[in-house]
Structures are given as structure tokens and as C-alpha cells.
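Okay, structure first, notes after.
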Amino acid sequence: MVHDVCTMCARCAHVKLCYFLICITGQSIKMFIRGRPITMYRSSSGFYLRLTAPEESCYYGYRGRDGRANLYFLPTGEAVYFIACVIVLYHIKDSTQRHYRKHTDCVRSLALHPDKVRVASGQMAGVDKDGKPLQSCVHIWDSNTLVTLQQIGLGTFQRGVGSLAFSSADSGGFLCVIDDSTEHMLSVWDCAKETKVAEIKSTNEAVFAVEFNPSDSNNIITCGKSHVYFWTLSGGQFTKKQGIFGKYKKPKFIQCFAFGLTGDVLTGDSEGNILTWGKSAADVKTLGKGAKETYQIMRQTRAHEGSVFTLCTLQDGALLSGGGKDRKIIRWSADLAPERECEIPEKFGTVRTIAAMDEEELLVGTTRNAILRGTFSDGFLAIVQGHVDEMWGLASHPSQSLFLTCGHDRQVCLWEAEEHRLSWSVSLEEYGLCADFCPNGSTVSVGLNTGRWVVLDLLTQEVISESVDGNEQLSVMRYSPDGNFLAVGSHDNFIYIYNVTEKGRRYTRFGKCNGHSSFITHLDWSKDGRYIMSNSGDYEILYWDIPGGCKLLRNRSESKDREWASFTCVLGFHVMGVWLEGSDGTDINALCRSHSERIVAVADDFCKVHLFQFPCPKLKAPSHKYDGHGSHVTNVCFTHNDSHLLSMGGKDTCILQWKVVGGNRWDSKDKLGSASSTSTSSLEPPAS
């Protein structure tokens with residue numbers, strides 16, 4: 001049967017014509033993807049339909065690198081922040097997580113209601129796997145029950161919601177929104193009625209923040225590139241006044257602002273200054289007869305070296321400022337006299353946002369996607385950490401609840417899955433794309449983008465061995481089940497084989513598998529450690545005899561009943577059913593069979609994680625599908641005892657840890673139990 005379907009890739013939004021053809025002849029099945037034939041041989045064994053389902057357990061990471069005003073502290077003792085498509089509520093004392101999961105694309109903005117219970121969150125606009133638009137909107141929801149109360153502006157905001165704020169003077173009756181369109185439309189909404197009160201084009205320049213004046217809901221302030229605007233709303237119409245810099249140097253960016261107890265507006269800028277703004281009488285000599293009052297700078301206070309990224313007003317009138325280049329947090333008195341300061345460690349990046357837990361203890365979000373907790377006296381420690389760039393490498397420890405990640409940020413991180421925390425991280429000269437643990441669990445190999453690969457000691461984090469295979473990026477590292485061999489798959493079309501001795505500390509070249517006509521994408525070893533099955537970028541499935549001299553097996557049907565120690569190859573008879581109609585060969589980035597050999601997890605290009613029964617040779621096989629990532633899912637793997645499934649996003653820099661639950665038999669009615677709707681789940685994020 002032939003399927004001819006037009007689809008749109010969620011990652012690149014390019015339309016592509018996909019061909020999916022299945023031909024069944026005797027003991028072989030031929031599948032065509034993009035016109036290329038892929039021959040697979042039926043296994044002689046029977047297949048039993050069985051599946052367990054995962055329950056969401058933990059999100060690792062925080063979006064701080066490009067976020068603003070995205071961290072708040074709730075009276076419940078929880079920090080609220082977002083990563084990918086999810087808002088995380090992390091109870092700091094109990095180290096547990098709850099999740100609000102109603103968004104369909106990446107969350108970009110967050111605002112806390114004056115009642116400290118309701119939260120507004122805005123998402124990006126995007127497209128689904130079929131090219132249909134995912135409309136941007138704002139959700140207003142209850143942080144106690146995680147119930148959505150209102151949905152504001154569905155389809156109104158172009159590209160996404162950049163900034164949000166609740167009014168304060170009228171107890172939070174209104175919401176102002178800046179969208180991500182070219183004109184950065186400013187709109188005000190009646191929260192109870194879910195209706196738009198007013199709307200106006202803001203500016204073509206970048207806008208970083210919006211807030212209501214806390215004493216007057218008809219006054220709104222926005223700031224961004226080279227501007228600070230003071231808006232007045234009257235009769236459903238906006239009037240705008242631009243802040244006048246006068247004798248003061250106009251900064252390139254107004255990064256943030258806050259309100260003093262006296263009503264003054266305080267802005268932080270890219271020059272490192274805090275500017276105090278106030279109303280002044282019209283300058284008739286300069287502006288002419290009939291000129292109205294203006295907003296001008298009343299005072300300039302030198303605060304930081306580099307940008308002032310955030311300002312936070314405390315209840316006693318004191319002000320906190322967070323610096324960029326100097327990484328300092330400074331406490332100022334109400335009259336802007338410096339009182340205390342501290343510097344956050346360089347490895348966490350610069351200060352992005354500050355949330356006060358009380359008059360002493362603070363939460364700090366940083367540009368390297370970390371959330372810190374601490375005081376001026378005791379310093380700061382990380383309670384949430386994550387990668388800061390696209391991730392591809394993922395491996396689980398063979399006998400412990402540990403897993404390793406690596407990516408384009410050049411960081412290699414070892415995580416403790418049970419404690420939900422970062423064990424250690426090291427920086428490499430190049431970025432890592434793949435990894436695998438030695439079966440004895442004492443070392444791990446990491447493949448890099450230059451053709452170089454390194455072996456790290458898990459205890460000392462030291463590089464104990466390194467080699468170079470070609471000058472193109474490496475895509476897969478895989479140890480044989482007995483640990484005697486290491487296979488290195490490269491984008492130069494070769495698989496390099498190494499002898500492994502001295503408990504994974506010494507490596508010598510054994511041979512090279514030469515036969516693929518495109519780059520290596522995935523490979524697996526047989527259980528006896530003699531054979532390799534490999535996939536390539538042009539959809540080949542090849543088999544190799546390693547002890548026999550890395551020979552290509554010409555008669556592929558001989559491998560149809562071979563047992564494999566792992567199953568990560570995305571092409572093969574056993575996983576044929578994971579491919580959807582219209583697939584073009586790049587829609588599945590990775591898959592992983594559980595150690596029990598009962599289920600297989602799939603990472604796709606459309607932000608989804610799927611679970612299928614294993615083996616899965618049936619076309620249109622039933623599956624469970626799970627949301628949460630805001631980018632293409634690059635990798636998946638199970639922990640050593642199959643208790644958890646790990647999935648890794650690309651650009652969303654998010655690691656999800658799913659708890660595997662459920663029975664032994666497949667039930668099409670089984671659904672994912674959302675952790676966000678239960679209060680009994682123990683869900684912990686990474687801690688310091």
C-alpha cells in the first residue's frame with residue numbers, strides 16, 4: 001500500500017512531500033522512505049502486546065538565559081518558574097514539584113496576581129506536526145488547585161506573549177500584555193470578562209517589561225530598547241509620553257524597572273545605572289506654548305558594572321538590584337544608599353531576576369539557567385540547574401540511578417535520578433553529542449563534534465583517555481555488553497571499533513566498519529558481543545561481524561532472529577510500527593527499548609515522547625503520547641531498572657524524568673496521569 005502525504009516539520013516549518021510505502025513479500029518486508037528501499041526480515045518469534053505507561057515525575061532546568069521576570073515565590077513555600085511548555089511549582093522545603101501543563105507551546109512570560117494565588121502565563125505561537133497553527137494565549141490559573149480560571153486572547157497575540165502584568169490598585173482586575181509582533185502590541189484585558197479593554201501599537205523596538213502603576217490602574221509603563229514609555233488609559237484609548245533623558249546619556253537598553261514606595265519609577269539600564277523618574281512641569285521654552293508635563297530623570301545612581309538586569313522592591317521600601325557583568329546583587333535603602341552586596345559564583349552566569357522569600361532570603365534566576373537560594377550573609381547555592389544550549393547526548397548508568405547528559409554548551413553533567421539533583425559537571429573544549437557508560441560503571445565515553453572522544457572517570461571527573469577518529473562529528477558511542485569493545489559511529493560514514501582493557505581505562509583500535517554510504521545515526525550490539533546492527537542517514541540497515549574482522553554481513557536475513565543487547569536503531573522490523581504515515585525519515589530522532597524488552601520509547605521531531613509495545617512490527621501500532629517538551633526531542637533512555645524514562649529536549653534545554661507505572665498488558669484506554677493534578681506524587685527537581 002502507498003501513502004502520499006504532505007506534512008510540515010515542527011522544527012523548521014518547511015513543507016515536505018513524504019512517501020511511505022510498504023511491500024510484504026515472503027519473509028521480508030520492504031519499506032520505502034523518500035524513495036529509498038529499506039529491507040527488513042521478519043523474526044521467527046511471536047509478539048505479545050504489552051505496555052506500561054509513564055507518569056511525569058520531574059523537570060530539570062529553568063529558562064533563564066533569555067527570560068525576564070519569570071521567577072516568583074508563593075505563600076505556599078513554592079518557587080514558580082517555567083521551562084519548555086510547563087510551569088513548575090517547586091516546594092523549596094519539601095523538595096517536591098507540581099506542574100501546570102495546559103500550554104501547547106513554550107511558555108515565555110509569567111505574572112503573579114496581587115492575591116499571590118492566581119498566576120498568568122503566556123506562550124509562544126507555533127505549528128503542530130501537520131502545519132496547523134498553535135495559537136498563542138494567556139492562561140490565568142489557580143496555583144493551589146492548578147485549575148485554569150480564564151483563557152485570555154486566544155489567537156490575538158502574534159508570535160507569542162512577551163510580557164505580562166496584573167493591575168494592583170484594583171486588586172488585580174486587569175491584565176496588560178505585550179505581544180511578540182513587530183509592533184509589540186500593548187493590550188489591556190478585563191480578567192473576569194475575558195474581554196479586551198484597549199489596544200495600541202507600542203513600538204517596533206524590543207520591549208522587555210510592562211507594569212501597571214501600583215496606585216493607578218490607568219497608568220502603565222513599558223521599557224525596552226532605547227525607551228521608557230508612560231501610558232495613560234482613558235475611555236478605552238491610550239495616550240503615550242516618552243521619558244525624557246535630557247542631559248543624561250541615553251542608554252541603549254532600559255532593561256527593567258520598579259516602583260518606589262513614594263511612587264517614583266526606578267529603571268535599570270545597560271549603562272549600569274538606576275534612574276529615578278518623576279513628573280515635571282512643562283518646559284515652555286523648549287517645547288513651546290501648550291506643552292504638557294513630562295517624565296524626566298530626577299536622579300542617576302551608579303549601580304553596576306554592565307547592565308542592571310533586574311530590580312526588586314521589598315516591603316520595607318528597600319530595593320534589590322541584579323547586575324550583569326559584575327554578577328552582583330546589591331541592597332539599597334529607600335533613598336538609594338547601598339547597604340549590602342554579594343557576588344554570585346561565575347559558573348552560574350549573571351543575575352537575570354530576583355524574588356524575595358522574606359526580608360533576608362532570596363531566590364535568584366541566572367543566565368546559565370540556574371535558580372539560586374541564599375542570603376547576603378551566607379551566600380547562594382543552586383537549587384535548580386540545567387544546560388544552556390541544545391542537548392543530544394544522553395546515557396544511563398548500567399547499575400545505579402545515574403544518567404549523563406551533554407550538549408552544545410560544552411557541559412558534561414552527571415545527574416542523580418533518585419535524588420533529582422546534579423552530581424557534577426565538567427566543561428570540555430568541544431561540545432558533546434553522544435555518550436555511553438562502560439558496563440562496569442566506572443567510566444563513561446563522550447563523543448564530540450570534532451571527531452574526538454574522551455573517557456571520563458566517574459569518581460574524579462578526570463579525562464583518562466582520548467582519541468580522534470576522523471574530523472567529523474561523532475553521533476553514537478556504544479560498548480559491547482561484556483565491555484570488551486567500544487563502537488564509535490561517525491559522520492564520516494565509518495564505525496570505529498576499539499578493544500577495551502583495564503576496566504574501561506585503556507583503548508586500542510581494533511578495526512573499522514566500512515560500508516555505509518552516509519553518516520552513522522544509531523547502532524546496537526548483539527547480546528553475545530559479536531555483531532553490530534547500524535543505521536545511517538540514508539536509511540540503511542547493515543549488520544557487522546566484529547570478531548571476524550569487522551566484516552559486513554551480506555546475507556542480512558541471517559540476523560533476523562539475533563538477540564540484541566540494546567535496541568536504539570530507529571529502523572528495523574522490530575520497530576517498524578513506530579513510524580507514522582507520511583514520515584520522511586527524520587521525524588524520529590531516537591528510540592530506546594526498555595531493559596525488560598517490553599516497551600520502546602520514541603523521541604520525535606514534534607516535541608512528543610511516545611511509548612509503544614516491543615516488539616512493534618505492526619503498522620499504525622497503538623501508543624501512548626506525551627507532551628511537555630517545547631522543542632524537538634533529541635534523545636530518550638531508561639534508567640538501569642526501568643523505573644524511569646528520561647527524555648531530552650533540543651532547544652528547550654529541558655530534561656524530563658518520567659516515572660514508569662502501569663500494568664503488564666496494553667490497554668488503549670490507559671492515559672497519562674498528570675502529576676500536576678495530584679498532591680501525592682513525590683516530584684523533586686535538581687538540588688544543589
Side-chain angles (χ1 to χ4, degrees), residues 68-70 72 74-75 80 82 87 100 102-105 107-125 133-181 183-203 207-224 228-241 257-259 263 265:
R68 298 170 186 269
N70 60 357
Y72 296 93
L74 303 178
V80 56
F82 57 77
I87 295 99
Y100 180 78
K102 301 300 183 182
H103 286 284
T104 58
D105 211 311
V107 181
R108 288 301 309 274
S109 52
L110 203 62
L112 183 62
H113 193 276
D115 64 11
K116 307 295 184 183
V117 175
R118 281 174 280 180
V119 177
S121 50
Q123 70 172 62
M124 295 174 60
L134 298 174
Q135 295 180 323
S136 178
C137 65
V138 175
H139 288 182
I140 299 176
W141 47 280
D142 188 306
S143 62
N144 291 327
T145 63
L146 302 177
V147 172
T148 304
L149 304 175
Q150 287 99 21
Q151 187 180 69
I152 303 293
L154 181 64
T156 301
F157 311 116
Q158 295 185 34
R159 299 183 184 174
V161 178
S163 301
L164 290 169
F166 282 104
S167 58
S168 299
D170 54 13
S171 301
F174 295 93
L175 181 77
C176 58
V177 180
I178 295 284
D179 73 11
D180 281 334
S181 66
E183 295 83 10
H184 296 100
M185 301 298 293
L186 167 64
S187 57
V188 173
W189 299 77
D190 186 310
C191 296
K193 297 179 181 178
E194 301 182 26
T195 56
K196 188 190 303 181
V197 176
E199 184 179 45
I200 192 173
K201 294 180 181 179
S202 170
T203 175
V207 179
F208 298 147
V210 61
E211 287 284 353
F212 284 95
N213 188 311
S215 60
D216 186 354
S217 296
N218 291 318
N219 291 332
I220 298 171
I221 299 176
T222 61
C223 72
V228 54
Y229 293 147
F230 299 84
W231 304 85
T232 301
L233 178 60
S234 178
Q237 300 294 322
F238 282 107
T239 57
K240 178 178 72 173
K241 292 184 179 180
F257 64 88
F259 294 91
V265 177

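Every heavy atom of this structure was used, including side-chain atoms; hydrogens, water molecules and symmetry mates were not. Keep in mind it's a predicted model, so treat the numbers as computed, not measured.
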With Glu183, which residues qualify under side chain to side chain contact (heavy atoms under 4.5 Å, CB included), at least two apart?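 Testing Glu183 for side chain to side chain contact (heavy atoms under 4.5 Å, CB included), a comparison that skips the adjacent residues, returns Ser181, Met185, Lys201, Asn204.
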
Residues which pass side chain to side chain contact (heavy atoms under 4.5 Å, CB included) with Ser217, listed by chain and number, not counting sequence neighbours: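 Checked Ser217 against side chain to side chain contact (heavy atoms under 4.5 Å, CB included); matches are Ser167, Ala169, Asp170, Phe212.
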
Would you tell me whether Asn213 and Asp216 have side-chain atoms, one donor and one acceptor, within less than 3.5 Å of each other?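 No donor-acceptor contact under 3.5 Å links the two side chains.
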
So, Tyr100 and Thr148: side-chain donor and acceptor under 3.5 Å apart, yes or no?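 Looking only at side-chain atoms, Thr148 and Tyr100 do form a donor-acceptor pair, the distance falling under 3.5 Å.
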
Just so I know, are the side chains of [X] and [Y] near enough to count as touching, which here means a heavy-atom distance under 4.5 Å?
X: Ile200; Y: Trp231; answer: yes
X: Val117; Y: Asp142; answer: yes
X: Leu112; Y: Leu74; answer: yes
X: Phe174; Y: Val197; answer: yes
X: Val119; Y: Ile87; answer: no
X: Ser168; Y: Pro114; answer: yes
X: Phe259; Y: Ile221; answer: yes

Nearest 0.5 Å please: distance from the [atom1] atom of [X] over to the [atom2] atom of [Y].
X: Leu149; Y: His113; atom1: CG; atom2: NE2; answer: 9.5 Å
X: Gln237; Y: Thr232; atom1: CD; atom2: OG1; answer: 13.0 Å
X: Ile140; Y: Gln151; atom1: CD1; atom2: CD; answer: 10.5 Å
X: Ser121; Y: Arg108; atom1: OG; atom2: CZ; answer: 13.5 Å
X: Cys223; Y: Phe230; atom1: SG; atom2: CZ; answer: 9.5 Å
X: Gln150; Y: Lys193; atom1: CD; atom2: NZ; answer: 13.0 Å

For the residue pair [X] and [Y], what are the closest heavy atoms and their distance?
X: Leu164; Y: Gly122; value: CD1-N, 3.6 Å
X: Ser109; Y: Val161; value: OG-O, 3.2 Å
X: Phe208; Y: Gly224; value: CD1-CA, 3.8 Å
X: Ile152; Y: Glu194; value: CD1-CA, 3.8 Å

Classify the angle between the aromatic ring planes of Phe157 and Trp189 as parallel (below 30°), tilted (30 to 60°) or perpendicular (above 60°).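 Perpendicular: the ring planes of Phe157 and Trp189 meet at over 60°.
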
Please report the C-alpha distance between Phe257 and Val228 in whole Å, then the side-chain angles of each, then the deciding distance to 0.1 Å, and finally whether the side-chain contact (heavy atoms from CB on, under 4.5 Å) criterion is met. CA-CA 9 Å; Phe257 64 88; Val228 54; 5.7 Å; no

Can a donor-acceptor pair be found, under 3.5 Å and without considering hydrogens, that links the side chain of His184 to the backbone of Ser202?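 Such a contact is absent between His184 side chain and Ser202 backbone.
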
Would a distance-only check, ignoring hydrogens and angles, find a side-chain to backbone donor-acceptor pair under 3.5 Å from Thr222 to Val210?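 A pair under 3.5 Å: no.
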
